[in-house]
Amino acid sequence: MSFLGFILLGLIAGAIAKLILPGRQGGGWLATLVLGAIGALIGGWIGGAVFNVGYDGFFSIQSWIIAILGALVVLVIWGLITGRRGSRA
């Protein structure tokens with residue numbers, strides 16, 4: 001998959017993850033989309049390292065599932081980090 005295709009996949013996966021996991025993660029939609037791209041990268045790395053699966057292509061359901069799950073994980077972690085910071089103030 002090309003770099004631009006991967007970034008687009010991550011951005012869309014971040015938006016889908018935000019729809020699945022609504023809440024107050026902080027940072028707004030732009031941060032959510034960036035975190036989605038990071039989540040897609042992490043999801044692909046974990047999927048390849050642990051489960052021996054990877055990105056087959058932009059239109060592969062396997063690629064979308066990996067990217068969305070990675071984005072969900074990153075959003076949950078980001079919500080925990082920003083939630084703790086907000087409660088200390």
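The figures that follow rest on heavy atoms only: side chains count, while hydrogens, waters and symmetry mates do not.
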Q: Does some side-chain heavy atom of Ile20 sit less than 4.5 Å from a side-chain heavy atom of Ile68?
A: yes

Q: What's the shortest heavy-atom distance between Ala71 and Gly36, and which atoms?
A: CB-CA, 3.8 Å

Q: Measuring from Leu75:CG to Leu35:CG, what's the distance to the nearest 0.5 Å?
A: 6.0 Å

Q: Before giving the answer on side-chain contact (heavy atoms from CB on, under 4.5 Å), spell out for Leu21 and Val76 the whole-Å C-alpha distance, their side-chain angles and the decisive distance to 0.1 Å.
A: CA-CA 8 Å; Leu21 185 70; Val76 166; 3.5 Å; yes

Q: CG/Leu69 to CD1/Ile42 distance, rounded to the nearest 0.5 angstrom?
A: 13.0 Å

Q: Tell me, with the steps shown, if Ile16 and Leu72 meet side-chain contact (heavy atoms from CB on, under 4.5 Å).
A: CA-CA 9 Å; Ile16 292 171; Leu72 282 171; over 6 Å; no

Q: Which distance, rounded to the nearest 0.5 Å, do you find between the CG of Leu11 and the CG of Leu30?
A: 9.0 Å

Q: Apply side-chain contact (heavy atoms from CB on, under 4.5 Å) to the pair Ile12 and Leu8, showing each step before the final yes or no.
A: CA-CA 6 Å; Ile12 296 171; Leu8 182 62; 3.9 Å; yes

Q: When rounded to the nearest 0.5 angstrom, what is the spacing between CG in Leu9 and CG in Leu4?
A: 12.5 Å

